Amino acid sequence: MRVLIAPDKFAGTLTAVEAAAAIEEGWRRRDPQAEVLVAPMADGGPGFIDVLSAVVDGTLLSVTVRGPLGDDTPATVLLAGETAYVETAQACGLHLVEPKQRRPEDATTYGVGQLIAAAVEAGAKRIILGLGGSGTNDAGAGLLAALGATATGGSLDAGATGLAELTAVDLEPARERMAGIEFVAASDVENPMLGLRGATNIFGTQKGITDERKPAVDGWLTRFAELAGRKTADQKGAGAAGGLGYALLLLGAERISGIDLVADLTGLKEKASRVDLVLSGEGAFDFQSRDGKVIAGVAKVANDAMRPCVVLAGKVQIGSREMRTMGVESAYSLVDAVGEERAFADPHGSLAAVAERVARTWAR
């Protein structure tokens, strides 16, 4: 039996690399002679550098940057020749702030700009930024401030709150500093930055912005966009990572699919063509999994190779009809199999146990 294991992270419990190891361990308990190929995945969010550093021939540059609420935060940039890979969540991720301490209206992307500056200082001419998992909603104003942009009437590095009274924005210092640098935004979010489908209204809740506050916050981002470039705010992907996509588009960034980028770099298509079964997984297999996330990307690759795709997830919150529309044959839930308490207390053991159960059904 030849098996490809290509999971995303299990948010809050296992990295993609750890999840792949647990699935392989469980599968081999049942099928020790299996030929197993491993390809941990990411879509641009947390785990982006962890996954790419295993397949890209480069070096890791350690940097200390400003976190979303101003604390010093360690981060890394992956350098490969004149190309640098940046995981924006390392500087502005939701996971960097404890739930009770989250202040999304004050959170800044300034640290992402510091990561970009560090990459440029190290000689990078092309910067590929993975967008996802952000705890910020500042339209990327902090990023622009870190690169030299200025404003009057407010502050670009104080989160969305700092945009409330802006009267003018000058992006030219940032553009001049980044002249000759190619930016690539790796994300599968296509939302604009403003309005009902924008960053605040669609993604604000998970960051802690209440429904009552959303109109005010969206208004602050609108004020910033009117001063910095209103048309750009309407482009696809401008709403990614709380508006980080918008800031990068202002700097001339090209948008690409995060999962497609990682799939290409990990050789996912070639590996899928060599196996009998593809296994993927993530923390919650739900309706958001359909929209450019890892499972959707892996399932497409598996289907193109005419191989069945099976999902292992912490929770399965999607029906069989929707599952098959995505190209997923079956899905197994850790919570259903071992209980929620054990699933969170021992995620590695729980995932391995479910993988062993999957092997009983699918191993030849």
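Everything numeric in this text was worked out from a predicted model, so none of it was measured.
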Can you see which heavy atom on [X] is nearest to which on [Y], and at what distance?
| X | Y | result |
| --- | --- | --- |
| F10 | G281 | CE1-C, 3.8 Å |
| A42 | V262 | O-CG2, 3.2 Å |
| A225 | A233 | CB-CB, 4.0 Å |
| K207 | L94 | CA-CD1, 4.0 Å |
| A185 | L248 | CB-CD1, 4.1 Å |
| S280 | V294 | OG-CG1, 4.1 Å |

Would [X] and [Y] show up in the same hydrophobic cluster when neighbours are defined by side-chain heavy atoms closer than 4.5 Å?
| X | Y | value |
| --- | --- | --- |
| Y246 | I202 | no |
| L268 | I256 | yes |
| L96 | V77 | no |
| V51 | V184 | yes |
| L227 | M193 | yes |

Check whether any side-chain heavy atom of [X] sits under 4.5 Å from a side-chain heavy atom of [Y], and report yes or no.
| X | Y | value |
| --- | --- | --- |
| L60 | L78 | yes |
| V63 | Q114 | no |
| I116 | L129 | yes |

Report yes or no: do D106 and T161 form a side-chain donor-acceptor pair below 3.5 Å?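 Note: D106 and T161 side chains meet the donor-acceptor criterion.
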
Determine whether the side chains of T109 and D138 contain a donor N or O and an acceptor N or O closer than 3.5 Å.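 The answer is yes; a qualifying pair exists.
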
Ion pair present between [X] and [Y], side-chain N to carboxylate O less than 4.0 angstrom?
| X | Y | result |
| --- | --- | --- |
| K231 | D234 | no |
| E282 | K293 | no |
| R2 | E35 | no |
| D50 | K9 | no |

Nearest-0.5 Å distance that lies between atom [atom1] in [X] and atom [atom2] in [Y]:
| X | Y | atom1 | atom2 | value |
| --- | --- | --- | --- | --- |
| L251 | L144 | CG | CG | 5.5 Å |
| L147 | Y110 | CG | OH | 8.5 Å |
| E182 | E254 | CD | CD | 6.5 Å |
| E82 | I181 | CD | CD1 | 9.0 Å |
| R230 | F224 | CZ | CZ | 13.0 Å |
| S134 | F203 | OG | CZ | 9.0 Å |

Between W362 and L279, does a side-chain contact (heavy atoms from CB on, under 4.5 Å) hold up when you go through it step by step? CA-CA 11 Å; W362 289 88; L279 300 176; over 6 Å; no

Atom CG of L196 with >12 non-hydrogen neighbours under 6.0 angstrom: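 No - once you tally the heavy atoms of other residues, nucleotides and ligands closer than 6.0 Å, there are 12 at most.
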
Does a sphere of radius 6.0 Å around NZ in K300 hold more than 12 heavy atoms from other residues, nucleotides or ligands, not counting ones at 6.0 Å or beyond?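 No, the 6.0 Å shell around NZ holds no more than 12 heavy atoms from other groups.
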
Going through the checks in order, is the side-chain contact (heavy atoms from CB on, under 4.5 Å) test met by L221 and N137? CA-CA 9 Å; L221 269 59; N137 199 81; 3.8 Å; yes

[X] side chain vs [Y] backbone, donor-acceptor pair below 3.5 Å:
| X | Y | answer |
| --- | --- | --- |
| R197 | N191 | no |
| T136 | A107 | no |
| T64 | P74 | no |
| E87 | F48 | yes |
| Q90 | T76 | yes |
| R307 | S273 | yes |
| D346 | R342 | no |
| D43 | G258 | no |

side-chain contact (heavy atoms from CB on, under 4.5 Å) partner of L156, chosen from L143, D170, L171, L166: L166

Looking at V316, L351, V311, V310, which one forms a side-chain contact (heavy atoms from CB on, under 4.5 Å) with Y332?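 Single side-chain contact (heavy atoms from CB on, under 4.5 Å) partner of Y332 among V316, L351, V311, V310: V310.
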
Would E172 and R175 count as a salt bridge (Lys or Arg N to Asp or Glu O under 4.0 Å) if you check the C-alpha gap in whole Å, the side-chain angles of each, and the deciding distance to 0.1 Å? CA-CA 5 Å; E172 286 311 304; R175 287 174 170 154; 3.3 Å; yes

Exactly one of D157, D71, D72 should register a salt bridge (charged side-chain N to carboxylate O under 4.0 Å, His left out) with R66. Which one does?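 Among D157, D71, D72, the one meeting salt bridge (charged side-chain N to carboxylate O under 4.0 Å, His left out) with R66 is D157.
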
V278 and V301: side-chain contact (heavy atoms from CB on, under 4.5 Å), yes or no, with the steps? CA-CA 9 Å; V278 177; V301 169; over 6 Å; no

Walk me through it: do K214 and V217 pass the test side-chain contact (heavy atoms from CB on, under 4.5 Å)? CA-CA 5 Å; K214 286 179 180 179; V217 175; 5.8 Å; no

